[in-house]
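Computed from a predicted model, the values in this text were never measured in an experiment. Values reported hereafter were calculated over all heavy atoms of this structure, with side chains retained and with hydrogens, waters and symmetry mates removed.
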Amino acid sequence: MRITNSMMTANTKANININKANEDKLNTMAASGQKITRPSDDPVIAIRAMRLNTSLTELDQYHGKNIPDADAWFTDTETALSQTDDILSSMREKLNQASSEENVTSNVKDILEELGQLRDQFYALGNTDTAGRTVFTGFRTGEMLTFTEGDEIKYNIHQEFTKADVQKMTYVKGSVLVDHEGKPTDGTSTIAGYKEESVEAVDSYRIRLPYEDISDYVGKDNKIQVKLPDGTTEEIEVEVVSTTGMKPSEVDDIYAPAASVTKARLIKETGEVIFTKAQYDKLKTADSISMDYSKENWKKGDLRPEHYFMCDTPKVETDPRTYSATYPNGIEYNYNREDAKGNPTTDPAATAKINGFVEQDLTYEIAFNQSIIINTHASDVYTHDVGRDIDELIAITQKVSNSDTKIASVEKLLETATGTDADDLKTTLAALKKESTLLKDQMHKMYTAAITSFKEYSDDVNKQISNVGALTARLEMTKNRVKDQKDNVKKLADENINADISETALDFKSAQLALEAAQMAAGKIANQTLLNYI
């Protein structure tokens with residue numbers, strides 16, 4: 001085959017171009033520090049780089065954002081829980097002081113005032129937030145746990161009780177008022193035949209609702225639904241009563257109903273549902289007890305019901321908080337509804353099945369396919385029972401104080417009374433002293449029981465502190481593992497895409513020498529022509 005000058009020139013130019021391209025490639029690698037500039041340079045490196053960069057981005061999210069955010073949440077939660085336990089410890093200390101029989105009623109009232117302040121602080125801790133998000137309110141991190149001011153918004157509350165919520169308590173029956181002459185009265189007329197035997201301690205049966213000052217009972221047909229172990233359901237009709245302005249004997253009839261009474265009584269002021277002995281016996285065997293009631297007079301510090309119960313706010317045209325586009329007829333909270341196919345739904349249609357209350361768990365993803373629940377439920381710590389127990393201790397102490405006041409007034413009248421008047425005063429005084437003795441005995445038992453109850457509340461808080469501690473330890477282990485993964489992936493990503501600078505520099509120098517040699521050879525070839533040999 002004849003090799004012409006043009007062929008030699010073309011081949012030389014092609015080889016010089018290859019050397020220049022190689023030099024340019026190595027120059028780019030040295031300047032950029034990376035093995036490739038475009039995916040087509042090396043598709044394998046490009047694909048691995050994309051995969052490793054995606055993994056690295058996710059690990060950066062876990063290690064740099066999710067885990068620190070969860071850790072901050074746990075820190076703020078644990079701090080609030082520790083302070084809550086301190087408050088409960090202070091409450092138990094005050095209860096121990098108040099339960100001492102050496103304390104007079106005036107001292108106990110001072111202690112109760114301190115308990116009231118501690119109660120307010122207890123619930124205020126439920127409003128703890130981290131970075132502007134309240135930590136005990138589930139998904140509603142923009143809402144407070146309690147009402148921060150008085151409000152008239154109406155809630156219909158559905159609540160499930162168990163037989164453990166049905167209580168037998170002592171009620172002192174036969175209390176009276178005393179007029180300026182020391183005579184027993186019901187507020188309008190003198191009570192004849194009042195004596196020591198008129199006063200007695202009887203059993204009373206109730207379920208205590210989480211709130212006092214209830215507006216109404218709104219259950220279907222005004223009835224309580226009682227599910228029995230055999231699967232059947234019985235109903236107890238409810239009568240809503242107000243004790244304001246009632247005579248003492250009328251109040252007695254509510255707390256100690258006759259056997260012939262067929263309705264349970266919901267006392268609006270105290271939030272108690274009172275039952276007969278027969279109803280109590282039935283309820284103590286129940287699997288579940290369902291009640292529906294409403295409340296609309298909220299005080300500052302009251303726990304918001306949407307964080308604890310299935311409830312709804314009936315639509316009020318003048319209050320936009322009571323309805324939305326999703327719930328035009330009133331807002332629903334925590335209804336676990338399913339449609340006809342068993343899928344979760346927010347549709348409040350009558351055909352939707354209600355499966356009960358929905359617990360709201362805040363979940364953070366802290367590693368590949370690994371998540372952690374970061375929130376503690378308010379219902380596990382800031383229960384209504386703490387405030388309700390203190391309110392009842394205040395109420396029984398006030399009864400004892402009122403009893404002592406009546407005794408003092410009669411004793412003062414007795415100092416100057418004579419004859420029949422003195423005898424009548426002595427009879428009344430004996431009955432009042434029996435009432436005082438029974439009330440003080442009840443008060444002492446209630447304080448003793450409260451000490452046990454508040455120890456249990458403290459135990460519940462400590463369980464949550466331990467749970468947060470365990471989750472924090474788990475989070476720390478995951479953090480260390482994710483950091484190791486991140487370092488490993490970063491190393492792999494660097495090794496995959498980054499060029500070895502020293503090796504690249506040597507290769508670049510070799511490429512330069514090769515190019516120079518090619519150019520020198522080309523110069524020699526270009527200088528020689530066919531005429532040199534003719």
Side-chain angles (χ1 to χ4, degrees), residues 126-127 129 132-161 209-225 238 240 266 268 271 288-363 373 375 377-380 382-384:
N127 293 324
D129 70 277
R133 298 171 297 168
T134 49
V135 300
F136 297 109
T137 56
F139 297 155
R140 304 183 189 91
T141 56
E143 296 180 7
M144 295 290 103
L145 183 67
T146 67
F147 285 92
T148 55
E149 59 184 13
D151 205 332
E152 297 298 318
I153 186 171
K154 183 177 182 179
Y155 286 88
N156 291 330
I157 301 170
H158 174 84
Q159 190 173 357
E160 296 286 335
F161 298 90
L209 301 181
Y211 301 104
E212 57 183 20
D213 197 16
I214 301 300
S215 300
D216 202 358
Y217 190 81
V218 295
K220 183 180 179 181
D221 300 325
N222 291 332
K223 293 178 180 179
I224 299 171
Q225 306 297 315
V238 179
V240 180
L266 168 56
K268 298 177 69 172
S288 65
I289 304 162
S290 301
M291 294 193 198
D292 295 87
Y293 54 93
S294 64
K295 177 175 171 60
E296 55 190 314
N297 299 311
W298 303 97
K299 296 177 294 186
K300 180 181 178 180
D302 282 344
L303 293 170
R304 301 185 70 96
E306 61 263 39
H307 301 308
Y308 293 85
F309 311 111
M310 288 172 54
C311 56
D312 61 76
T313 56
K315 180 178 180 179
V316 178
E317 294 290 347
T318 56
D319 190 348
R321 298 175 301 167
T322 62
Y323 57 95
S324 66
T326 305
Y327 300 103
N329 297 317
I331 295 177
E332 288 185 354
Y333 297 95
N334 302 318
Y335 275 76
N336 183 11
R337 292 183 180 272
E338 292 181 355
D339 60 21
K341 296 181 179 179
N343 299 315
T345 178
T346 58
D347 181 11
T351 55
K353 179 183 177 182
I354 300 175
N355 287 331
F357 180 77
V358 178
E359 286 283 14
Q360 297 179 334
D361 291 332
L362 289 178
T363 303
I373 296 174
N375 66 314
H377 298 295
S379 57
D380 293 330
Y382 302 101
T383 65
H384 296 77

Practice problem: State, to 0.1 Å, how close F147 and P305 come at their nearest heavy-atom pair, and which atoms those are. | Solution: CE1-CD, 4.1 Å
Practice problem: Under the side-chain hydrogen bond (donor to acceptor under 3.5 Å, both in side chains) rule, collect the residues that match up with E306, sequence neighbours excluded. | Solution: Y155, R304
Quiz item: With a 4.5 Å heavy-atom cut-off, do Y211 and I157 have their side chains touching?
Solution: yes
Quiz item: Below 4.5 Å, heavy atoms only, C-beta onward: do T322 and I153 meet side chain to side chain?
Solution: yes
Quiz item: Would you call K223-D221 a salt bridge at under 4.0 Å N-O?
Solution: no
Quiz item: Can you list the residues that meet the side-chain hydrogen bond (donor to acceptor under 3.5 Å, both in side chains) rule with N222, with sequence neighbours excluded?
Solution: none
Exercise. Taking all non-hydrogen atoms of both residues into account, name the closest pair between T134 and N127 and its distance.
Key: CG2-O, 3.9 Å
Quiz item: Can you find a pair of side-chain heavy atoms, one from N375 and one from F136, that are under 4.5 Å apart?
Solution: no
Quiz prompt | Residue from Y333, Y335, F357 passing side chain to side chain contact (heavy atoms under 4.5 Å, CB included) with C311 | solution = Y333
Quiz prompt | Residue from R321, K300, K295 passing salt bridge (charged side-chain N to carboxylate O under 4.0 Å, His left out) with D151 | solution = R321
Quiz item: Are H307 and Y382 close enough that their ring centres sit under 6.0 Å apart?
Solution: no
Quiz item: Looking at side-chain heavy atoms only, is the closest gap between Q360 and N334 below 4.5 Å?
Solution: yes
